[in-house]
Protein chains: 2
Amino acid sequence: MARTKQQNQRMRDDRREAILSGAVKLFATRGLAATKVADIAAAVGMAQGLLYHYFSSKEDIFVEIVRRAFTRLNTAARNLERAPQPPRDKLELAATQILKDLVQGEDFGWYSTLISLASISDAVPAEARAMIGRERDVSYEVVARIVRAGQKAGTVRSGRAEDMALVFWNAVKGLALQKAALGRDFRAPHWSALTNIFFDGGGT
Amino acid sequence: MARTKQQNQRMRDDRREAILSGAVKLFATRGLAATKVADIAAAVGMAQGLLYHYFSSKEDIFVEIVRRAFTRLNTAARNLERAPQPPRDKLELAATQILKDLVQGEDFGWYSTLISLASISDAVPAEARAMIGRERDVSYEVVARIVRAGQKAGTVRSGRAEDMALVFWNAVKGLALQKAALGRDFRAPHWSALTNIFFDGGGT
DNA sequence: GTCTATATCCAGATAGAC
DNA sequence: GTCTATCTGGATATAGAC
């Protein structure tokens, strides 16, 4: 008997999913322009033309991935903010978690890298640019608020909270790029080298 | 009377120079693939075809710029290492100088961004890849050595020197990307947010 | 040295058979 | 839904006049 509408929709979604997740790494390592739709098709194992049954263009795929990247990153940031720990522990948790994701080759590094690339390029679809403009600051602000709370509690060093958040996220961004460049040769720093930005005292 | 060989060579070099410096910003903001030679020609104000009298291909221009980027960056790093200041002052000097270059829109940010992009992309000329492999570590090692000297002198916090160098340069790399993305909207952090990586105590 | 015009190639997107 | 074959546009690189 025929499949239901829901099942068909589900299969279609799964296929779109496969395309998206195959394309992330390609876009992150080569950029939008240098990634050929033939490469994406090869990565997911389908014919080139078939991609166009799921997405209307290469740029469409790209925009969808940028959307997804921000959704995940900003959701993670907001979850961190709502977590029960005291501010200092939240910052340590963020650092250790990010570093762990990075060495384990989870999505985080690819998404971060993709956003970094998309942010600087003029050669990116307008819709992606607009999204970046809207979502860009969320995670910076989350960390800055945690820092301020920690300063009030006396567990985070003094100084401009925004600046610390800026340096922290940019260090993370840089490390994600580094990981993308070096692959398995990447050696992550100890988490304390990152939290040094926030805390006095105690080395490794 | 006719120009001398030297004069002709000089004029040719100047022209090459103009092409290179026009192309840096384009490559850094759009990447190799998305930068058209027509864009470069427009930026320097010459006809598209004329570029090929000075460089044999777009990739050739790219490789030359990567070479130049490393030359400048690594020279600056080595000069820092040889400077007369004590280690702690060298690290402060590096942070303040880099941040100053970044806000003033000097070359540093573009070169840094270009190397970041070129490092992750598989879609880059083999010669550039090879150069990156050779030159990549120089500035990390310089900073790590300064950190170790500072630790010996008791002016830099304890912890793995390599990790601090890694976090420092990746924060710088991230900030350069941020500057590339935001342009004149970029607000640099206070230098102390960067040197927090190395030093205990005293916020801004 | 500099330009305009063009050959050539390659990649995105489409058509149409199965 | 999936494939192969093809159309089409655009960008690199070259040719050739001035």
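Owing to the predicted nature of the structure, the values given are computational and were not obtained by experimental measurement. All values below come from the heavy atoms of this structure, side chains included, with hydrogens, waters and symmetry mates left out. We name chains A, B, ... by the order of the sequence lines, and we start the count at 1 in each one.
What separates CG of Asn8(B) from P of dT2(C) is a distance of 11 Å, to the nearest Å. Rounded to whole Å, atom P of dA13(C) lies 14 Å from atom CG of Asp39(A). The OH-P distance, from Tyr54(B) to dA13(D), rounds to 18 Å in whole Å. Following rounding to the nearest Å, Lys58(B) (NZ) and dG10(D) (P) show an atom-to-atom distance of 16 Å. Rounded to whole Å, atom C1' of dT14(C) lies 14 Å from atom CG of Leu51(A). As a whole-Å value, the separation of Ile61(B) CD1 from dA13(D) P is 9 Å. Residue Ile19(A) contributes atom CD1, which lies 11 Å from atom P of dG1(D) at whole-angstrom precision. What separates CG of Leu50(B) from C1' of dA17(D) is a distance of 15 Å, to the nearest Å.
Projected onto DNA chain D by closest heavy-atom contact, His53(B) and Ser57(B) fall at different nucleotides, the more 5' of which corresponds to Ser57(B).
Residue contacts shown for Phe55(B) are absent, as no nucleic acid heavy atom lies under 4.0 Å away.
Distances were taken from every side-chain heavy atom of Ala47(B) (C-beta onward) to each of dG1(D), dG1(C), dC3(C); the shortest belongs to dC3(C). Taking the side chain of Gln48(B) as heavy atoms from C-beta on, and the options dT4(C), dG1(D), dT12(D), the nearest nucleotide is dT12(D). Candidate nucleotides dT12(D), dG1(C), dG12(C) were compared by shortest atom distance to the side chain of Lys36(B), and dT12(D) ranks first.
The phosphate of dA13(D) has OP1 or OP2 within less than 4.0 Å of a side-chain N or O from Tyr52(B).
The shortest non-hydrogen separation linking Phe62(A) to Val124(A) is CE2-CG2, 3.4 Å.
Asn8(B) and Lys5(B) form no side-chain donor-acceptor contact under 3.5 Å, judged by distance and modelled atom types alone.
When atom types are taken as modelled, the side chain of Ser112(B) and the backbone of Phe108(B) share no donor-acceptor pair closer than 3.5 angstrom.
Remark: Arg88(A) qualifies as a cation-pi partner of Phe199(A) under the 6.0 Å distance and 45° angle criteria applied to the six-membered ring.
Partner of Asp107(A) under the salt bridge (Lys or Arg N to Asp or Glu O under 4.0 Å) criterion, out of Arg72(A), Lys25(A), Arg68(A): Arg72(A) alone.
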